[in-house]
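Structure record follows, encoded as structure tokens.
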There are 2 protein chains.
Amino acid sequence: MSHLTDIKESLTTAGLKATQQRLVILDSVHQMGNHPNVEQIYAAISDSNPSISKATVYKTLETFVSAGLLSKVSTHEGQMRYDPRMDNHGHINCANTKEIIDYYDEELNEMIVSFFRKKKVSNLKIKNITLQINGDKIDPLKEIQIK
Amino acid sequence: MSHLTDIKESLTTAGLKATQQRLVILDSVHQMGNHPNVEQIYAAISDSNPSISKATVYKTLETFVSAGLLSKVSTHEGQMRYDPRMDNHGHINCANTKEIIDYYDEELNEMIVSFFRKKKVSNLKIKNITLQINGDKIDPLKEIQIK
DNA sequence: CTATTTGCAAATAATTTGCAGCTGG
DNA sequence: CCAGCTGCAAATTATTTGCAAATAG
């Protein structure tokens, strides 16, 4: 079973019609992985799908967010980016390279989740809690390591 | 010593000319407190300062962020908001009311900071680490309590 | 079939820019 | 004085909308 079949299935499971445009757009966000913005997604698909309009990309991405298939990440630069990971993970925001890098640590996550479980939170329905690590990459060409 | 004198001093300490516009804008962000966006800041000052242009508000706010006098907060709605608090605090993001509420807990902060102190972080200069608590206010008219 | 979805072009919103004139130190 | 700041209007960028045609189920 190809990954496109999986993508198709996730669309129908979410109650969305599996149109060609949606398949292409959702697949590309998964393929890209770098928290792309609308422009980047549009550029990535345009070559092989010149008829998909940018308005469709905008609408479709919002549809996916509402349907719980993607999440929306905003940077300190103010543009919206899209993230295929729906689990409770954090982001490393590099101001200089504009990269957004996923960060997840089991122990840290457990620490934060249990902290809020112990608290009495009233009048707020928490959807998720995420950590934003803001900084600058020292060598833009190398990877960041946290271990 | 009035708070305007303090505002003036923080400008000069930051190496910025204490112009009338800057005094008014920086003061208003401190007075407002609700993580206002550009439009709200502009509206708040326009009555008493009709000659201050919106472009100046934009430029001035960016100047303050660069100078470390304000921080920039982005919501899941993609617009930039400004925050006079420069310490390491988190934000509760209410999707339904669009409010951004400061959250700080000494114990939680210490937990997170010490977690990253123990980690080997390479190729990243961390500026700050913030927590985003995303959710919906249950009763929009009442306060959120976490204790 | 028919309710949704898409593409287009136009509208709106958000932000930036260039530049001449003003002003704080 | 004069480097840096401001105001204006125009430019750019980001996003949304209305509507007729296309299409998945």
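Naming: A, B, ... by sequence-line order, numbering from 1 per chain. Just so it is clear, the model here is predicted, and its values are computed rather than measured.
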Q21(A) vs dT23(D): side-chain N/O to OP1/OP2 distance below 4.0 Å: no

Nearest-nucleotide pick for E39(A), side chain only, options being dT15(D), dA14(D), dC5(D): dA14(D)

Between dG4(D) (P) and R22(B) (CZ): distance, integer Å: 11 Å

Euclidean distance, atom CZ of residue R81(B) to atom C1' of dA14(C) [Å, nearest integer]: 15 Å

side-chain N/O T60(A) vs dT6(C) OP1/OP2, d < 4.0 Å: yes

Separation of dT16(C) C1' from L61(B) CG (nearest whole Å): 14 Å

L16(B) side, atom CG; L69(B) side, atom CG - distance, nearest 0.5 Å: 6.0 Å

H30(A) ring center within less than 6.0 Å of H3(A) ring center: no

Residue A55(B), side-chain atoms from C-beta onward, closest of dT15(D), dC8(D), dT6(C): dC8(D)

Distance, rounded to the nearest Å, where K8(A) contributes NZ and dA24(D) contributes P: 9 Å

Side chains of Y104(B) and E106(B), donor plus acceptor under 3.5 Å: yes

Distance, rounded to the nearest Å, where L11(B) contributes CG and dG25(C) contributes C1': 14 Å

N/O donor-acceptor pair, side chain K59(B) with base dG7(D), under 3.5 angstrom: yes

Y58(A) side chain near dT15(D) phosphate (N/O to OP1/OP2, under 4.0 Å): yes

Sugar-phosphate, base or nothing in reach of T63(B), heavy atoms under 4.0 Å: nothing

Phosphate OP1/OP2 of dG24(C): any T19(B) side-chain N/O under 4.0 Å: no

Whole-Å distance separating the CG atom of L16(B) from the P atom of dC5(D): 7 Å

Out of dT6(C), dC8(D), dT23(C), whichever nucleotide has its closest atom nearest the side chain of K17(B): dT23(C)

K17(A) side chain near L11(A) side chain, heavy-atom distance below 4.5 Å: no

Rounded interatomic separation in angstrom, taking CD from E62(A) and C1' from dA14(D): 13 Å

Lys/Arg-Asp/Glu bridge criterion (N-O < 4.0 Å) met for R85(B), D87(B): yes

Contact under 4.0 Å: T56(B) side-chain N or O vs dG7(D) OP1/OP2: yes

K54(B) NZ - dA9(D) P separation (whole Å): 14 Å

